[in-house]
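Just below is one structure, and these are the notes that go with it.
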Amino acid sequence: MEKPIKKIALLTGGGDCSGLNAVIRSVVRTAILKYGYEVIGFIGGYYGLYNDQYIEMSLKTVSGIYHQGGTILKNSNKDNLFAYKVKDETGKFVRKDVSDIAIANLKKHEVDALVIIGGDGTLTSARDFGRKGVNVVGIPKTIDNDVPATDITFGYRTALDHITDALDALHTTAFSHDRVMLLEVMGRNAGWLALEGGISGSADVILIPEIPYDIKKVAAKVIERYDRGSKFSIICISEGARPIDGDVTVKKIVEDSPDEIRFGGAGEQLAVLLEKFVSPITGQEVRSTNLGYIQRGGVTNAFDRVLSTRYGSFAVDMVANGDYGKMVAVKNNKMVPVDIVDVVGSGMMGETSHGGAKVVNPRGDLVTAAKCIGISFGD
Ligand code: F6P
């Protein structure tokens, strides 16, 4: 007979997003109120699991955090315990598999199951701990909304609200100065944030990774608007967007991160070039704003609070059902378990691989509706 569950642990890994605290609250409340489990939370993701840094989680620990962005458990996106950076006898940094130390910590605390909330890197390690016999349940997180196994990830809708607010603000200053305003938004290789944020924030041009843009067509849209009396234009550009004859704009390489590339600067780069095309004709100046990490923080909106609650409580139900090695997903508005192996490491999550992330269909409903109302994609 299966040993009854008494204690679970949880951790948050990878980049943060709004809704993480709401998931933590939901896991803890479901574990305590529905199942009577004890709960501990490791601090700083896998770092805490390796260094045995944790806190006891009670109803009090998760009180007042529901709406807050960030994670009370802290995040790390560099601590892969299967290839951990340690110093050897000569003081040189080497990569070592220290996962057994983490497993020993779980045994020491008599943890029966581990709930892991994270992106591709974090869930790839979850898969590997599962293979070593740890009872793991994963919860996917990313503002990019590019996880194919699930219809929607928490944090995405809150990020869309930030983009909408920013575009609303840019409209008034663009109007006052007869300017072209660009807003660069996150999303890596998936254009969801730029697309839905751009539609919601009434952008005139939306540029996404899935549709490489022709700068001449972007300029033509701005000039056409100017000629018919709209002397300002708003462009929402994804950080992963690229011109038809160019490449993505890489800001930096983070070597010890699961995905080394950090995007950034696509908006600024386009602003400089676009001004050369439009200014001689319309006299307009072009300015760029990068919304950046604001998209990942702030008060969690109503939609994400509910979604996070569903993710968290379903994960604990999965623990109770012994549904290990799986990740919670939303399919047709129902919570379902999916195998972690089918999602991570196969290039299916956008955070580490560019092969199989859930990306925008250039001929899908959203792009079609946007085009119908006159939004240009520069194609
Ligand atoms: O995947 C989430 C995300 O916010 C992306 O949209 C962005 O490109 C990336 O993380 C930034 O990562 P970091 O926090 O390492 O700079």
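Because only heavy atoms are used, hydrogens play no part in the values below, and waters and symmetry mates are left out as well, while side chains stay in. Every number for a ligand or one of its atoms is a count from 1 in the order of the listing.
With hydrogens and angles disregarded, a donor-acceptor distance shorter than 3.5 Å links the side chain of T368 to the backbone of G364.
Geometrically, R188 does not engage F263 in a cation-pi contact, judged by NZ or CZ lying under 6.0 Å from the ring centre and within 45° of the ring axis.
Among E260, K252, K78, R296, the residue whose heavy atom sits closest to atom 10 (O) of ligand 1 is R296.
Counting the atoms of ligand 1 from 1 in the order shown, those under 4.0 Å from a heavy atom of R262 are 12 (O), 13 (P), 15 (O), 16 (O). Close contacts of ligand 1 with E239, meaning ligand atoms under 4.0 Å from a residue heavy atom, involve 5 (C), 6 (O), 7 (C), 8 (O). Near N77, the atoms of ligand 1 lying under 4.0 angstrom from a non-hydrogen atom of the residue are 15 (O). Residue-ligand proximity, Y293 to ligand 1, at heavy-atom distances under 4.0 Å covers atoms 13 (P), 14 (O), 16 (O).
Proximity of G187 to ligand 1 is established by a heavy-atom distance of less than 4.0 Å.
Not less than 6.0 angstrom separates the ring centroid of Y84 from the ring centroid of Y46.
No side-chain heavy atom of K334 sits under 4.5 Å from any side-chain heavy atom of V330.
Screening Q284, E275, E285 for a side chain to side chain donor-acceptor pair (under 3.5 Å) with R179, the sole residue that qualifies is E285.
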